[in-house]
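Here is the structure we will look at, set down as structure tokens.
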Amino acid sequence: MLVAVDQLMIVTGQLAAFAFNAVIASLQGGPQAVVENDPSGTYQAGETVSWDLLAGIAGVSVSEGNGHAWRYMLVLCSIPAIALWIGIRLMPESARWHVSRGELKEAIGSLKRSRIEGRHDVLTEVAEMEEARRLEAKREKLSLRAGFRVPWARSIIIFGGTFAILQQLTGVNTMMYYAPKVLMAAGFDSQASIILNVFTGVASVIGSAAGLLARAASADARCRSWDR
């Protein structure tokens with residue numbers, strides 16, 4: 001459930017970024033530049049032209065443009081980052097963190113804030129955390145170098161690392177980061193590509209929300225079966 005919520009928050013943030021980028025692009029009227037010199041004679045010096053039209057002309061030079069829009073994007077993305085920093089400072093520490101420091105009373109208080117009363121035995125859960133902490137303290141730490149010497153651990157490290165790299169290089173991140181470029185290659189102009197990218201974010205939010213609801217329904221069904 002926590003993984004599903006985390007994924008929903010990520011794609012929601014991406015959708016917000018795409019939407020704000022589309023608004024900025026619309027207010028700016030798309031990327032434009034002031035022609036300084038056009039050897040082909042298509043445009044006169046000082047004329048403001050869409051960057052999409054200038055991109056296909058060889059040797060053209062520009063003096064200025066509206067490429068400063070990235071500054072607005074930077075300011076907008078810093079606002080939720082600051083809010084997140086403040087929110088993290090206000091969040092209570094987790095129960096496991098308190099247990100790791102021997103603060104059992106604080107751990108019980110932390111669990112009571114996040115558990116449904118009557119459905120979870122907080123004292124038993126804290127006792128299990130304390131037992132897990134004792135076992136962890138006795139367990140030998142496995143370094144990365146030592147892990148490569150263990151056959152089953154080596155397989156996990158190699159395959160897990162390879163899949164993680166491939167997912168970053170060829171997975172959904174490619175579309176999330178470069179969707180406007182893909183749409184431009186498909187024939188859309190730069191402004192339309194930025195606006196159409198919003199629909200990519202909408203699809204991600206819908207998919208993540210559906211997965212979260214399915215996960216919540218499954219968890220609720222298991223809880224009801226345990227109650228019976």
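Predicted model only: the values in this text are computed from it and were never measured. Numbering starts at 1 and runs along the sequence shown. Note that these values count all heavy atoms, side chains included, but never hydrogens, waters or copies made by symmetry.
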Between Arg133 and Glu130, does any side-chain N to carboxylate O distance fall below 4.0 Å? yes

Would you mind checking if Arg115 and Glu125 are paired as a salt bridge, meaning a charged N to carboxylate O distance below 4.0 Å?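 Looking at Glu125 and Arg115, the cut-off is met.
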
Applying side chain to side chain donor-acceptor pair (under 3.5 Å), name anything that partners Arg154, two or more places apart in sequence or on another chain.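 By the side chain to side chain donor-acceptor pair (under 3.5 Å) rule, Arg154 matches no residue at all.
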
What residues, two or more places apart in sequence or in another chain, satisfy side chain to side chain donor-acceptor pair (under 3.5 Å) together with Asp38?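 Scan of Asp38 (side chain to side chain donor-acceptor pair (under 3.5 Å), adjacent residues dropped) gives Ser40.
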
Hey, does [Y] have a side-chain heavy atom less than 4.5 Å from the side chain of [X]?
| X | Y | result |
| --- | --- | --- |
| Val60 | Tyr43 | no |
| Gln44 | Val35 | no |
| Ile10 | Gln14 | yes |

If hydrophobic clusters are built by linking Ile, Leu, Val, Met, Phe, Trp and Tyr wherever their side-chain heavy atoms come under 4.5 Å apart, do Leu212 and Met9 end up in the same one? yes

From [X] atom [atom1] to [Y] atom [atom2], the distance as rounded to the nearest 0.5 Å:
| X | Y | atom1 | atom2 | value |
| --- | --- | --- | --- | --- |
| Ser100 | Glu136 | OG | CD | 11.5 Å |
| Phe20 | Leu76 | CZ | CG | 6.0 Å |
| Asp121 | Leu111 | CG | CG | 10.5 Å |

Residues His98, Glu106; criterion side-chain hydrogen bond (donor to acceptor under 3.5 Å, both in side chains); working and verdict: CA-CA 6 Å; His98 284 301; Glu106 290 79 359; 5.2 Å; no

Got a list of side-chain donor-acceptor pairs under 3.5 Å for residues 184-196, not counting sequence neighbours?
from   : atom 1 : to     : atom 2 : distance (Å)
Asp189 : OD1    : Gln191 : N      : 3.2
Asp189 : OD1    : Ala192 : N      : 2.7
Ser190 : OG     : Asp52  : OD1    : 3.2
Ser190 : OG     : Asp52  : OD2    : 3.0
Ser193 : OG     : Met184 : N      : 3.4
Ser193 : OG     : Asp189 : O      : 2.8

